[in-house]
**Q** 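Pasting a structure below so you can have a look.
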Amino acid sequence: MIKENINTNTLNPQQESAVKQTEGPVIIIAGPGSGKTRVITERIAHLINKGIEPQNILALTFTNKAANEMKKRVYEITNTQAAYSVWMGTFHSIFAKILRKEAHILGYDSNFTIYDNEDSIKIIRRIIKDRNLDKEQYNPKYVFSKISIMKNQLIDSQKYKQNAELIKHDQINKREKFVELYQEYCESCTQSNSMDFDDLLINTYHLLSKNKLILTEYQELFKYILIDEYQDTNKVQDAIIQQLGEKYQNICIVGDDSQSIYSFRGANINNIFNFKSNYQNVKEFKLEQNYRSTKNIVHAANTLINFNKQKIEKTIFSKNENGDPIQLIEYYNDRNEGDKTAEIIYRLICHNPNTNHQHAILYRNNSQSKVIEDGLRKRRIKYKIYGGLSFYQRKEIKDIMAYFKLIVNPDDNESLLRIINYPVRGIGSTTINKLRGKANSEKKSIWKILSYNNLENIQINSGTKNKLNIFKEILNELFKSQNSNIFETAELLIEKTGIVRKLKDNPTDENINRLENISELFNSVKLFSLKKTNNSILDFINEVSLDETNKETSNKSEVSLMTIHQSKGLEFPYVYIVGLENGLFPSQRSLKIPSGVEEERRLLYVAITRASKKVTLSYSLNRFQFGTIQQSEKSMFIDNIEHCLNKEIKNEFNQQLYFKKPRTNKINSQTKINPIGLRKVTNEKYRDSRNLQIGMKIKHNIFGKGSIQKINNSDGNQKITVIFEEHGLKILLTKFAKFEIIM
DNA sequence: CGGTAGAATATTTTT
DNA sequence: TATTCTACCG
């Protein structure tokens, strides 16, 4: 991966005036490869050099990674440590910081938990299940994304109820309960003293709109505001910027409407279109020179994007050489496509060893990577896949993080439910539902029910109460240690819960992998604990919840594989865009949404403009998808740029590839089945009521006839050792085994 | 309560 | 195909 690289040391006239125009509202339309990052960092540096206090500057970015890189660059330009005092980060991380400080005003405790999407969907799934609603009409993922979109448009459940159009729409679609789910979900979050990602935005909005004093305080603090990637902001984000910038109007937005590709998560391209009419005396700057790509690439990109009706007029141009034309290749099927793409790269790498990193293969869907990987692996080409599950989204990591979250905020029901029976301690769904019911009816958190009520008014048998008490004791010990060093707390956690021990006891490949991940987590906890300041558990959770900085950039030379969304902001000499087929790119779903195709076209625009030297496009006539082979036709976008292309057809039927079974790179991921008699023992007391005696003859439903040799009641779970006539010696748990006494 | 088999389902993704 | 969820049985 090569970072944006500007050829000249001086700014061009447009760039320079964009940097120098520090006062008043400014819009910078920055085409691909136009030196956008440079302009932003120079601008911040310029403000600091002019004497503006760094802490009076707010700079919002799309990712934390971008923020960190920019901080470093500003530091390098200004050469003063003060550069790090600039408020630079994502909307979410900056606002979380503010909300922790002001939480009490909104009725939260400052130790509130931040829920990620997985948490949110789990909560919604539970609500839907409690209400016994039809899964067809109420798909948890769908409900969540709709709630998210509503929140981002500042439509809360009350406003939703009053909106006749929305209600009518739900009735037509038989989703009239949606608004209730919406409300219950929000209540559930507040009840848990938790915010989801959207809440971080809307709560900031409410904080500022309901409190004049606070609004003024932050308006005074953030005298200069700068926002990157404005085309991908949503309505709340736009509204907050208006609130904060109202007084001084020193708002500088940077973006490119042609690169708006996140509408599916609420981004509103109109924010950038309407900026000029929302403010007075807006100074507009267009960065139209592309320093990155060849003339041919820029021309193709321009040709393509001109098919979109909705856009800000601009002429992107390049002064670089013409370069190669855009290559288009037709393949017989997706396996051929993957294989031959790898072949093309292989040939180039043979000529120029260690240039893997100059190549990137971009696709629409993650699932497309598999066939490409096969082709690369076959030729032993080193590659790296971006995306997939991030470290902190792994189950075992989230489980441990749930303990941490609970230590800081015991009211966090979601985290409690996640680990109340992890590791398995015999607390099942019946008990959990009883606790949840009680918590709901008393409007208290589950932890409060567990700790204050002492389980007196709940119908739970004494065995289960014991188990709950064990759980309570573990947590209470962890609470006591919460002010000590986070690493010590982590060690205590492992010791008390036995998480690691249980994994070690059952060392399947999967569990070994989990143990490795846990030890990696412990490494970062250890490192974190060595920090001098801000090294509390809450700080750690904060960093993990909002920071995906764990995407290691290796210095090995590897071919990059990623979705186009992930390629945003990156640059590579050679870019291969695969799977240009209708229904895949543009996606099936986009065809049904108005303006959906325009967004897909912008997506291809982003993909093409990642390349500096050469773009290779390809499509397949047949594609293996969802377990079947489907015929496909070339993408409509290919027609858009017809005359920019150099076409090639490689669609011969390659039998060898066609019939080859796809390789899976998973090693024995199935969990091993425990042989009968070695089942894990729960600590609930159980004894067969039939008064078993040594020497009794029994008949088992599977093993047949046998006689009892030994009876063991020692750990509460009655076990019997039996010699069967046909099957030999077995140890059975009488709780589970099906048998009758015959003598 | 816990594990397993078999059914259901299937963009893009950062926070 | 691959993953995730549910229902069932010991």
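Everything quoted here is computed from the prediction, not taken from an experiment. Chain letters run A, B, ... following the sequence lines, proteins first and then strands; every chain starts at 1.
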**Q** May I ask you to verify if any side-chain N or O of Asn421(A) is less than 4.0 angstrom from the OP1 or OP2 atom of dG2(B)?
**A** yes
**Q** Which nucleotide, dG2(B), dA2(C), dA10(B), lies nearest any side-chain atom of Lys370(A)?
**A** dA2(C)
**Q** Closest nucleotide of DNA chain B for Gly627(A) versus for Ile564(A): which of these residues is on the 5' side?
**A** Gly627(A)
**Q** Of the nucleotides dT14(B), dT12(B), dC5(C), which has the atom closest to the Arg265(A) side chain?
**A** dT14(B)
**Q** Any side-chain N or O of Asn366(A) under 4.0 Å from OP1/OP2 of dT13(B)?
**A** yes
**Q** So what does Asn117(A) hit on the nucleic acid, given a heavy-atom distance under 4.0 Å: a base, only sugar-phosphate, or nothing?
**A** base
**Q** Taking only Lys NZ, Arg NE, NH1 and NH2, and the carboxylate oxygens of Asp or Glu, determine whether Glu414(A) and Lys405(A) approach each other closer than 4.0 Å.
**A** no
**Q** Any idea which of dA2(C), dT13(B), dT11(B) is nearest the Gln566(A) side chain?
**A** dT13(B)
**Q** By nearest atom, which of the nucleotides dA2(C), dT11(B), dG2(B) is closest to the Ser590(A) side chain?
**A** dT11(B)
**Q** Is it the case that Lys384(A) places NZ or CZ above or below the six-membered ring of Tyr386(A), under 6.0 angstrom from the centre and within 45 degrees of the axis?
**A** yes
**Q** In terms of side-chain heavy atoms, does Ser263(A) have a donor or acceptor partner in Glu599(A) at a distance below 3.5 Å?
**A** yes
**Q** Mind calculating the distance between CG (Leu603(A)) and P (dT11(B)) to the nearest angstrom?
**A** 15 Å
**Q** Please report the distance separating the C1' of dT6(C) from the corresponding atom of dT11(B), rounded so that it comes out in whole Å.
**A** 25 Å
**Q** Determine whether the aromatic ring of Tyr262(A) stacks with the base of dT14(B), defined as ring centroids separated by less than 5.5 Å and ring planes inclined by less than 30°.
**A** no
**Q** Below 4.0 angstrom from OP1 or OP2 of dT12(B), is there any side-chain N or O of Arg589(A)?
**A** no
**Q** If only side-chain N and O atoms of Lys141(A) are considered, is one of them under 4.0 Å from the OP1 or OP2 phosphate oxygen of dT4(C)?
**A** no
**Q** To the side chain of Thr63(A), which of dT15(B), dA10(B), dT12(B) is closest?
**A** dT15(B)
**Q** With no hydrogens and no angle check, do the side chains of Glu598(A) and Ser595(A) hold a donor and an acceptor under 3.5 Å apart?
**A** no
**Q** Please classify the nucleic acid contact of Ser429(A) as base, sugar-phosphate, or nothing, using heavy-atom distances under 4.0 Å.
**A** sugar-phosphate
**Q** For the side chain of Thr563(A), starting at C-beta, report the closest nucleotide among dT12(B), dT11(B), dC5(C).
**A** dT12(B)
**Q** Closer to the 5' end of DNA chain B via nearest nucleotide, is it His565(A) or Thr431(A)?
**A** Thr431(A)
**Q** Among the nucleotides dA10(B), dT1(C), dT11(B), which one has an atom lying closest to any side-chain atom of Ile593(A)?
**A** dT11(B)
**Q** Under 4.0 Å from OP1 or OP2 of dC1(B): is there any side-chain N or O of Thr430(A) that close?
**A** yes
**Q** Does the side chain of Asp256(A) come within less than 4.5 Å of Pro32(A)'s, by heavy atoms?
**A** yes
**Q** Please report the distance, rounded to the nearest Å, between CD1 in Ile149(A) and P in dT13(B).
**A** 16 Å
**Q** Whether Lys370(A) and Glu373(A) form a salt bridge (side-chain N of Lys/Arg under 4.0 Å from carboxylate O of Asp/Glu) is what I want to check.
**A** no
**Q** Starting from P on dA8(B), measure out to CZ on Phe626(A) and report it in whole angstrom.
**A** 17 Å
**Q** Among dT11(B), dC1(B), dT13(B), which is the nearest nucleotide to the side chain of Phe264(A)?
**A** dT13(B)
**Q** Using the P atoms only, state how far dT4(C) lies from dT13(B), rounded to an integer number of Å.
**A** 16 Å
**Q** Is any side-chain N or O of Gln588(A) closer than 4.0 Å to OP1 or OP2 of dT11(B)?
**A** no
**Q** Output the single nucleotide from dT15(B), dC5(C), dT12(B) whose closest atom is nearest the side chain of Asn365(A).
**A** dT12(B)
